[in-house]
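For reference, the structure discussed in these notes is given below.
Per chain, numbering begins at 1; letters A, B, ... match sequence-line order.
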There are 2 protein chains.
Amino acid sequence: MNENTDGIRRKRASSRALDDMDRKLLGVLAEDATISYADLGERVGLSPPAAHERVKRLRRSGAIRKVAALIDPEASGKPMLAFVHVDTTGWGKTPVLLAIEEHPEVEEIHSVAGDTCMLLKVRTESTHALEGLLARLYDTPGVKATRSYVVLSTYLERPVQPGVTAEWPALVKNAQAGVAAFNNRPG
Amino acid sequence: MNENTDGIRRKRASSRALDDMDRKLLGVLAEDATISYADLGERVGLSPPAAHERVKRLRRSGAIRKVAALIDPEASGKPMLAFVHVDTTGWGKTPVLLAIEEHPEVEEIHSVAGDTCMLLKVRTESTHALEGLLARLYDTPGVKATRSYVVLSTYLERPVQPGVTAEWPALVKNAQAGVAAFNNRPG
DNA sequence: ATGATTGCAGAATGATGTTCGGCATCAAGA
DNA sequence: TCTTGATGCCGAACATCATTCTGCAATCAT
(Lines give C-alpha, C1' and ligand atoms only; values in the text may rest on other atoms or scores of the structure.)
Protein backbone atom coordinates (compact mmCIF):
# COMPACT_ATOMS: atom_id res chain seq x y z
CA MET A 1 0.00 0.00 0.00
CA ASN A 2 1.39 3.32 -1.01
CA GLU A 3 -1.23 5.12 1.00
CA ASN A 4 -1.76 5.84 4.63
CA THR A 5 -3.92 3.45 6.57
CA ASP A 6 -6.48 5.78 8.08
CA GLY A 7 -8.11 7.13 4.96
CA ILE A 8 -7.86 7.91 1.29
CA ARG A 9 -6.32 11.33 1.12
CA ARG A 10 -4.52 11.92 4.34
CA LYS A 11 -1.05 13.36 4.50
CA ARG A 12 -1.32 15.35 1.28
CA ALA A 13 0.35 18.19 3.14
CA SER A 14 -1.75 20.97 1.61
CA SER A 15 -5.19 19.74 2.65
CA ARG A 16 -4.84 17.72 5.77
CA ALA A 17 -7.45 17.31 8.45
CA LEU A 18 -7.21 19.69 11.36
CA ASP A 19 -5.71 18.26 14.51
CA ASP A 20 -6.41 19.40 18.05
CA MET A 21 -3.61 21.95 18.00
CA ASP A 22 -5.01 23.49 14.82
CA ARG A 23 -8.43 23.78 16.37
CA LYS A 24 -6.98 25.40 19.46
CA LEU A 25 -5.14 27.91 17.33
CA LEU A 26 -8.25 28.62 15.27
CA GLY A 27 -10.26 29.00 18.45
CA VAL A 28 -7.94 31.71 19.69
CA LEU A 29 -7.54 33.45 16.33
CA ALA A 30 -11.26 33.40 15.63
CA GLU A 31 -11.68 35.46 18.79
CA ASP A 32 -8.73 37.80 18.39
CA ALA A 33 -6.30 37.74 15.51
CA THR A 34 -4.27 40.70 16.76
CA ILE A 35 -2.58 38.51 19.36
CA SER A 36 1.18 38.12 19.03
CA TYR A 37 2.68 34.76 18.14
CA ALA A 38 4.39 34.72 21.50
CA ASP A 39 1.09 34.98 23.36
CA LEU A 40 -0.63 32.70 20.89
CA GLY A 41 2.02 30.07 21.38
CA GLU A 42 1.71 30.37 25.12
CA ARG A 43 -2.06 29.96 24.95
CA VAL A 44 -1.81 26.69 23.06
CA GLY A 45 1.50 25.41 24.37
CA LEU A 46 3.80 26.11 21.45
CA SER A 47 6.87 28.21 20.78
CA PRO A 48 6.36 31.42 18.76
CA PRO A 49 7.96 30.02 15.60
CA ALA A 50 5.97 26.80 15.85
CA ALA A 51 2.73 28.73 16.26
CA HIS A 52 3.69 30.91 13.33
CA GLU A 53 4.46 27.89 11.21
CA ARG A 54 1.08 26.29 11.87
CA VAL A 55 -0.84 29.50 11.33
CA LYS A 56 0.98 30.01 8.07
CA ARG A 57 -0.02 26.52 7.04
CA LEU A 58 -3.62 27.15 8.05
CA ARG A 59 -3.62 30.22 5.86
CA ARG A 60 -2.07 28.46 2.90
CA SER A 61 -4.43 25.52 3.15
CA GLY A 62 -7.39 27.87 3.20
CA ALA A 63 -8.59 26.86 6.65
CA ILE A 64 -8.13 30.51 7.53
CA ARG A 65 -9.98 32.26 4.73
CA LYS A 66 -8.86 35.68 5.73
CA VAL A 67 -8.13 37.88 8.67
CA ALA A 68 -10.59 40.73 8.77
CA ALA A 69 -11.80 43.58 10.93
CA LEU A 70 -15.38 42.92 12.00
CA ILE A 71 -17.39 46.10 11.79
CA ASP A 72 -20.12 47.10 14.20
CA PRO A 73 -23.39 47.28 12.25
CA GLU A 74 -24.70 50.27 14.15
CA ALA A 75 -21.46 52.17 13.83
CA SER A 76 -21.57 51.66 10.09
CA GLY A 77 -25.08 53.06 10.07
CA LYS A 78 -27.06 49.88 9.48
CA PRO A 79 -28.96 49.00 12.67
CA MET A 80 -31.71 47.05 10.91
CA LEU A 81 -31.27 43.38 10.07
CA ALA A 82 -33.64 41.24 8.05
CA PHE A 83 -33.80 37.89 6.33
CA VAL A 84 -35.61 37.97 3.02
CA HIS A 85 -37.08 34.89 1.39
CA VAL A 86 -37.34 35.26 -2.36
CA ASP A 87 -39.64 33.19 -4.53
CA THR A 88 -38.85 33.11 -8.22
CA THR A 89 -40.59 31.80 -11.29
CA GLY A 90 -38.70 28.66 -12.21
CA TRP A 91 -35.02 28.06 -11.65
CA GLY A 92 -31.87 29.70 -12.90
CA LYS A 93 -32.77 33.15 -11.70
CA THR A 94 -29.63 33.32 -9.65
CA PRO A 95 -27.41 35.25 -12.11
CA VAL A 96 -29.77 38.20 -12.33
CA LEU A 97 -30.40 38.07 -8.59
CA LEU A 98 -26.69 38.32 -7.96
CA ALA A 99 -26.80 41.87 -9.23
CA ILE A 100 -28.05 43.00 -5.86
CA GLU A 101 -24.79 42.03 -4.24
CA GLU A 102 -23.58 45.38 -5.48
CA HIS A 103 -25.38 46.84 -2.51
CA PRO A 104 -23.26 46.65 0.63
CA GLU A 105 -26.51 46.07 2.53
CA VAL A 106 -26.69 42.52 1.18
CA GLU A 107 -24.51 40.21 3.23
CA GLU A 108 -25.63 36.77 2.19
CA ILE A 109 -27.29 35.15 -0.80
CA HIS A 110 -28.19 31.48 -0.58
CA SER A 111 -30.21 29.08 -2.64
CA VAL A 112 -32.18 26.91 -0.26
CA ALA A 113 -34.39 23.86 -0.15
CA GLY A 114 -37.83 24.40 1.33
CA ASP A 115 -40.87 26.45 0.52
CA THR A 116 -38.76 29.25 -0.90
CA CYS A 117 -36.03 29.55 -3.51
CA MET A 118 -33.52 32.09 -2.31
CA LEU A 119 -32.62 33.46 1.07
CA LEU A 120 -31.01 36.84 1.66
CA LYS A 121 -29.49 38.37 4.73
CA VAL A 122 -29.63 42.12 4.51
CA ARG A 123 -28.65 44.91 6.86
CA THR A 124 -30.07 48.35 6.20
CA GLU A 125 -30.00 51.85 7.55
CA SER A 126 -33.75 52.01 8.08
CA THR A 127 -37.08 50.56 7.12
CA HIS A 128 -37.04 52.87 4.14
CA ALA A 129 -33.78 51.43 2.95
CA LEU A 130 -35.22 47.93 3.34
CA GLU A 131 -38.19 49.04 1.29
CA GLY A 132 -35.80 50.36 -1.33
CA LEU A 133 -33.98 47.05 -1.41
CA LEU A 134 -37.24 45.12 -1.77
CA ALA A 135 -38.29 47.45 -4.56
CA ARG A 136 -34.98 46.71 -6.22
CA LEU A 137 -35.69 43.00 -5.82
CA TYR A 138 -39.14 43.23 -7.37
CA ASP A 139 -37.61 45.02 -10.33
CA THR A 140 -35.55 41.92 -10.98
CA PRO A 141 -37.11 39.72 -13.66
CA GLY A 142 -38.30 36.40 -12.31
CA VAL A 143 -38.91 37.54 -8.76
CA LYS A 144 -42.39 36.42 -7.85
CA ALA A 145 -42.68 37.24 -4.18
CA THR A 146 -40.66 38.02 -1.08
CA ARG A 147 -41.18 37.44 2.61
CA SER A 148 -39.14 39.45 5.06
CA TYR A 149 -38.27 38.48 8.60
CA VAL A 150 -37.19 41.60 10.42
CA VAL A 151 -34.88 40.89 13.31
CA LEU A 152 -36.09 42.26 16.63
CA SER A 153 -33.17 41.14 18.75
CA THR A 154 -29.96 39.36 17.99
CA TYR A 155 -28.94 37.04 20.80
CA LEU A 156 -26.00 35.45 19.08
CA GLU A 157 -24.02 36.29 15.99
CA ARG A 158 -20.56 34.92 15.46
CA PRO A 159 -18.37 33.70 12.64
CA VAL A 160 -17.66 30.08 11.82
CA GLN A 161 -16.45 28.28 14.91
CA PRO A 162 -13.65 25.73 14.72
CA GLY A 163 -15.29 23.19 17.01
CA VAL A 164 -17.86 20.52 16.31
CA THR A 165 -20.20 18.72 18.64
CA ALA A 166 -18.79 15.25 19.03
CA GLU A 167 -21.96 13.52 20.09
CA TRP A 168 -25.63 14.35 19.71
CA PRO A 169 -27.26 12.68 22.68
CA ALA A 170 -30.71 12.12 21.22
CA LEU A 171 -29.38 10.46 18.11
CA VAL A 172 -27.12 7.86 19.58
CA LYS A 173 -29.32 4.79 19.65
CA ASN A 174 -26.46 2.44 20.41
CA ALA A 175 -22.73 2.55 20.58
CA GLN A 176 -22.25 0.72 17.29
CA ALA A 177 -24.27 3.24 15.28
CA GLY A 178 -22.32 6.06 16.81
CA VAL A 179 -19.01 4.52 15.91
CA ALA A 180 -20.19 3.75 12.37
CA ALA A 181 -21.30 7.33 11.85
CA PHE A 182 -18.00 8.56 13.20
CA ASN A 183 -15.98 6.42 10.83
CA ASN A 184 -18.10 7.53 7.87
CA ARG A 185 -17.58 11.21 8.48
CA PRO A 186 -16.44 13.07 5.34
CA GLY A 187 -13.61 15.23 6.72
CA MET B 1 -24.50 76.69 22.71
CA ASN B 2 -21.88 74.41 24.14
CA GLU B 3 -22.59 71.88 21.46
CA ASN B 4 -21.66 71.54 17.84
CA THR B 5 -24.12 72.80 15.27
CA ASP B 6 -24.62 69.76 13.10
CA GLY B 7 -26.29 67.44 15.56
CA ILE B 8 -26.93 66.46 19.12
CA ARG B 9 -24.02 64.26 20.03
CA ARG B 10 -21.32 65.10 17.58
CA LYS B 11 -17.79 65.74 18.63
CA ARG B 12 -18.02 63.52 21.71
CA ALA B 13 -14.73 62.01 20.61
CA SER B 14 -15.64 58.46 21.58
CA SER B 15 -18.72 57.99 19.43
CA ARG B 16 -18.50 60.21 16.45
CA ALA B 17 -20.01 59.56 13.06
CA LEU B 18 -17.70 57.90 10.58
CA ASP B 19 -16.22 60.16 7.94
CA ASP B 20 -15.09 59.19 4.46
CA MET B 21 -11.59 58.35 5.61
CA ASP B 22 -12.95 56.03 8.29
CA ARG B 23 -15.07 54.20 5.77
CA LYS B 24 -12.14 53.83 3.43
CA LEU B 25 -10.05 52.40 6.25
CA LEU B 26 -12.84 50.04 7.25
CA GLY B 27 -13.29 49.00 3.67
CA VAL B 28 -9.67 47.93 3.45
CA LEU B 29 -9.52 46.34 6.89
CA ALA B 30 -12.76 44.44 6.38
CA GLU B 31 -11.07 42.74 3.45
CA ASP B 32 -7.63 42.18 4.94
CA ALA B 33 -6.61 43.20 8.42
CA THR B 34 -3.08 41.79 8.10
CA ILE B 35 -2.02 44.74 5.99
CA SER B 36 0.71 46.92 7.44
CA TYR B 37 -0.04 50.46 8.50
CA ALA B 38 2.38 51.67 5.86
CA ASP B 39 0.41 49.97 3.08
CA LEU B 40 -2.89 50.87 4.69
CA GLY B 41 -1.91 54.51 4.83
CA GLU B 42 -0.83 54.42 1.22
CA ARG B 43 -4.15 52.89 0.16
CA VAL B 44 -6.17 55.65 1.76
CA GLY B 45 -3.71 58.52 1.46
CA LEU B 46 -2.41 58.78 5.01
CA SER B 47 0.90 58.43 6.80
CA PRO B 48 1.44 55.25 8.81
CA PRO B 49 1.03 56.95 12.18
CA ALA B 50 -2.10 58.77 11.06
CA ALA B 51 -3.61 55.52 9.81
CA HIS B 52 -2.67 53.87 13.07
CA GLU B 53 -4.25 56.67 15.07
CA ARG B 54 -7.56 56.41 13.23
CA VAL B 55 -7.66 52.64 13.39
CA LYS B 56 -6.97 52.81 17.11
CA ARG B 57 -9.84 55.23 17.47
CA LEU B 58 -12.11 52.98 15.44
CA ARG B 59 -11.27 50.13 17.77
CA ARG B 60 -11.82 52.15 20.91
CA SER B 61 -15.11 53.53 19.68
CA GLY B 62 -16.30 50.02 18.89
CA ALA B 63 -16.69 50.61 15.17
CA ILE B 64 -14.20 47.77 14.79
CA ARG B 65 -15.67 45.09 17.03
CA LYS B 66 -12.73 42.79 16.72
CA VAL B 67 -10.12 41.55 14.33
CA ALA B 68 -10.65 37.87 13.73
CA ALA B 69 -9.52 35.00 11.57
CA LEU B 70 -12.40 33.83 9.38
CA ILE B 71 -12.47 30.07 9.22
CA ASP B 72 -13.40 28.03 6.19
CA PRO B 73 -16.55 26.07 7.03
CA GLU B 74 -15.52 22.98 5.09
CA ALA B 75 -12.05 22.95 6.56
CA SER B 76 -13.57 23.01 10.02
CA GLY B 77 -15.68 20.02 9.06
CA LYS B 78 -19.07 21.69 8.73
CA PRO B 79 -20.05 21.77 5.05
CA MET B 80 -23.80 21.90 5.71
CA LEU B 81 -25.54 25.20 6.31
CA ALA B 82 -29.16 25.65 7.31
CA PHE B 83 -31.52 28.30 8.58
CA VAL B 84 -33.96 27.04 11.17
CA HIS B 85 -37.19 28.80 11.99
CA VAL B 86 -38.40 28.02 15.48
CA ASP B 87 -41.97 28.44 16.66
CA THR B 88 -42.49 28.59 20.39
CA THR B 89 -45.51 28.58 22.64
CA GLY B 90 -45.82 32.13 23.86
CA TRP B 91 -42.99 34.54 24.39
CA GLY B 92 -40.00 34.64 26.67
CA LYS B 93 -38.63 31.31 25.58
CA THR B 94 -35.36 32.91 24.63
CA PRO B 95 -33.40 32.16 27.82
CA VAL B 96 -33.89 28.43 27.54
CA LEU B 97 -33.29 28.55 23.81
CA LEU B 98 -29.99 30.27 24.36
CA ALA B 99 -28.69 27.05 25.84
CA ILE B 100 -28.06 25.73 22.35
CA GLU B 101 -25.44 28.35 21.75
CA GLU B 102 -23.16 26.00 23.60
CA HIS B 103 -22.94 24.10 20.34
CA PRO B 104 -20.38 25.62 17.99
CA GLU B 105 -22.68 24.62 15.15
CA VAL B 106 -25.04 27.46 16.07
CA GLU B 107 -23.81 30.73 14.60
CA GLU B 108 -26.78 33.03 14.94
CA ILE B 109 -29.87 33.33 17.12
CA HIS B 110 -32.37 36.04 16.31
CA SER B 111 -35.84 36.91 17.43
CA VAL B 112 -37.80 37.99 14.36
CA ALA B 113 -41.08 39.50 13.32
CA GLY B 114 -43.10 37.42 10.90
CA ASP B 115 -44.78 34.06 10.92
CA THR B 116 -42.11 32.59 13.14
CA CYS B 117 -40.56 33.49 16.50
CA MET B 118 -36.88 32.68 16.36
CA LEU B 119 -34.43 32.25 13.55
CA LEU B 120 -31.25 30.22 13.77
CA LYS B 121 -28.29 29.94 11.48
CA VAL B 122 -26.58 26.61 11.97
CA ARG B 123 -23.65 24.92 10.28
CA THR B 124 -23.28 21.19 10.75
CA GLU B 125 -21.04 18.34 9.80
CA SER B 126 -23.81 16.37 8.13
CA THR B 127 -27.53 15.85 7.86
CA HIS B 128 -27.26 13.62 10.89
CA ALA B 129 -25.74 16.40 12.93
CA LEU B 130 -28.51 18.73 11.81
CA GLU B 131 -31.00 16.10 12.92
CA GLY B 132 -29.24 15.92 16.25
CA LEU B 133 -29.44 19.66 16.63
CA LEU B 134 -33.14 19.66 15.79
CA ALA B 135 -33.70 16.89 18.30
CA ARG B 136 -31.90 19.03 20.82
CA LEU B 137 -34.21 21.90 19.92
CA TYR B 138 -37.36 19.84 20.34
CA ASP B 139 -36.14 18.80 23.75
CA THR B 140 -36.24 22.45 24.76
CA PRO B 141 -39.43 23.31 26.64
CA GLY B 142 -41.67 25.69 24.71
CA VAL B 143 -40.48 24.69 21.25
CA LYS B 144 -43.57 23.98 19.21
CA ALA B 145 -42.25 23.46 15.71
CA THR B 146 -39.28 24.10 13.47
CA ARG B 147 -38.85 24.66 9.77
CA SER B 148 -35.43 24.17 8.26
CA TYR B 149 -34.11 25.75 5.10
CA VAL B 150 -31.10 23.76 3.99
CA VAL B 151 -28.70 25.79 1.91
CA LEU B 152 -27.96 24.29 -1.49
CA SER B 153 -25.50 26.91 -2.68
CA THR B 154 -24.06 29.98 -1.13
CA TYR B 155 -23.53 32.74 -3.67
CA LEU B 156 -22.49 35.44 -1.27
CA GLU B 157 -21.45 35.48 2.35
CA ARG B 158 -19.52 38.37 3.80
CA PRO B 159 -19.24 40.27 7.06
CA VAL B 160 -20.76 43.66 7.73
CA GLN B 161 -19.72 46.11 5.03
CA PRO B 162 -18.81 49.69 5.84
CA GLY B 163 -20.70 51.25 2.97
CA VAL B 164 -24.35 52.12 2.57
CA THR B 165 -26.41 52.66 -0.55
CA ALA B 166 -26.92 56.38 -0.85
CA GLU B 167 -29.92 56.32 -3.10
CA TRP B 168 -32.60 53.74 -3.72
CA PRO B 169 -33.86 54.50 -7.23
CA ALA B 170 -37.39 53.23 -6.83
CA LEU B 171 -37.92 55.30 -3.74
CA VAL B 172 -36.95 58.67 -5.09
CA LYS B 173 -40.26 60.46 -5.46
CA ASN B 174 -38.82 63.85 -6.35
CA ALA B 175 -35.55 65.48 -7.26
CA GLN B 176 -35.09 67.18 -3.93
CA ALA B 177 -35.00 63.92 -2.00
CA GLY B 178 -32.56 62.50 -4.52
CA VAL B 179 -30.20 65.44 -4.22
CA ALA B 180 -30.34 65.30 -0.44
CA ALA B 181 -29.54 61.61 -0.44
CA PHE B 182 -26.78 62.19 -2.95
CA ASN B 183 -25.15 64.86 -0.83
CA ASN B 184 -25.26 62.61 2.19
CA ARG B 185 -23.63 59.72 0.43
CA PRO B 186 -20.55 58.29 2.18
CA GLY B 187 -18.35 57.18 -0.70
C1' DA C 1 17.57 -1.32 12.01
C1' DT C 2 17.98 2.73 9.26
C1' DG C 3 17.14 6.65 6.41
C1' DA C 4 13.70 10.17 5.33
C1' DT C 5 10.25 13.20 6.82
C1' DT C 6 7.86 16.06 9.97
C1' DG C 7 7.36 19.24 13.59
C1' DC C 8 9.28 22.03 17.28
C1' DA C 9 12.61 25.04 20.02
C1' DG C 10 16.29 28.66 20.38
C1' DA C 11 18.66 32.49 18.44
C1' DA C 12 19.43 36.19 15.04
C1' DT C 13 17.66 39.51 11.88
C1' DG C 14 14.68 42.43 9.60
C1' DA C 15 10.32 44.63 9.39
C1' DT C 16 6.65 46.73 11.67
C1' DG C 17 3.89 48.70 15.40
C1' DT C 18 3.84 52.49 18.50
C1' DT C 19 5.01 56.77 20.64
C1' DC C 20 6.70 61.48 20.65
C1' DG C 21 7.27 66.30 19.26
C1' DG C 22 6.07 69.81 16.11
C1' DC C 23 3.18 72.00 12.64
C1' DA C 24 -0.98 73.29 9.95
C1' DT C 25 -5.88 73.89 10.00
C1' DC C 26 -10.22 75.17 11.82
C1' DA C 27 -13.72 76.97 15.14
C1' DA C 28 -15.05 79.80 18.83
C1' DG C 29 -14.65 83.96 21.52
C1' DA C 30 -12.53 88.62 22.78
C1' DT D 1 -9.26 91.00 13.40
C1' DC D 2 -6.58 88.67 16.60
C1' DT D 3 -6.19 85.16 19.92
C1' DT D 4 -6.87 80.67 21.92
C1' DG D 5 -7.87 76.06 22.06
C1' DA D 6 -8.57 71.71 19.89
C1' DT D 7 -7.91 68.52 16.24
C1' DG D 8 -5.50 65.86 12.87
C1' DC D 9 -1.50 65.08 10.32
C1' DC D 10 3.54 64.22 9.40
C1' DG D 11 8.57 62.82 10.23
C1' DA D 12 11.62 60.62 13.25
C1' DA D 13 12.91 57.74 17.13
C1' DC D 14 12.19 53.62 19.72
C1' DA D 15 10.38 49.20 21.18
C1' DT D 16 8.19 45.15 19.86
C1' DC D 17 7.18 41.62 17.04
C1' DA D 18 7.18 38.71 12.77
C1' DT D 19 10.03 35.82 10.19
C1' DT D 20 13.88 32.98 8.97
C1' DC D 21 17.54 29.82 9.91
C1' DT D 22 19.78 25.99 12.18
C1' DG D 23 19.71 21.97 14.80
C1' DC D 24 17.37 18.29 17.22
C1' DA D 25 13.89 14.79 18.45
C1' DA D 26 10.14 11.83 17.20
C1' DT D 27 7.71 9.22 13.76
C1' DC D 28 6.96 6.47 9.76
C1' DA D 29 8.42 3.57 5.86
C1' DT D 30 11.66 0.79 3.71
Report the end-to-end axis angle of the helix from dA1(C)-dT30(D) to dA30(C)-dT1(D); each axis comes from five terminal pairs, and the value is rounded to 10°.
30°
Answer yes when E108(A) and K121(B) have at least one side-chain N-carboxylate O distance shorter than 4.0 Å, and no when they do not.
yes
Rounded to whole Å, CG of D19(A) lies from P of dT27(D) at a distance of 15 Å
For the residue pair H110(B) and F83(A), is the inter-centroid distance of their aromatic rings smaller than 6.0 Å?
yes
Atom CG of L40(B) and atom P of dT18(C) are separated, to the nearest Å, by 12 Å
If you count every heavy atom of other residues, nucleotides or ligands that lies below 6.0 Å from E31(B) atom CD, does the total exceed 12?
no
Any chance the rings of W168(B) and H103(A) have centres within less than 6.0 Å?
yes
Heavy atoms, side chains only, cut-off 4.5 Å: are I64(A) and I71(B) in contact?
no
If you measure from the Lys or Arg side-chain nitrogens to the Asp or Glu carboxylate oxygens, is any gap between E107(B) and R123(B) under 4.0 Å?
yes
Nearest-Å distance, CZ (R57(B)) to C1' (dT18(C))?
17 Å
Can you build the contact string for nucleotides 10-23 of chain D? Use B for base contact, S for sugar-phosphate-only contact, and - for no protein heavy atom under 4.0 Å.
BBB-----SSB---
With a 4.0 Å cut-off on N to O distance, would you call D32(B) and K66(A) a salt bridge?
no
Nearest-angstrom distance from the residue atom CE of M21(A) to C1' of dG7(C):
11 Å
Any ion pair linking D87(A) and K144(A) (charged N to carboxylate O, less than 4.0 Å)?
no
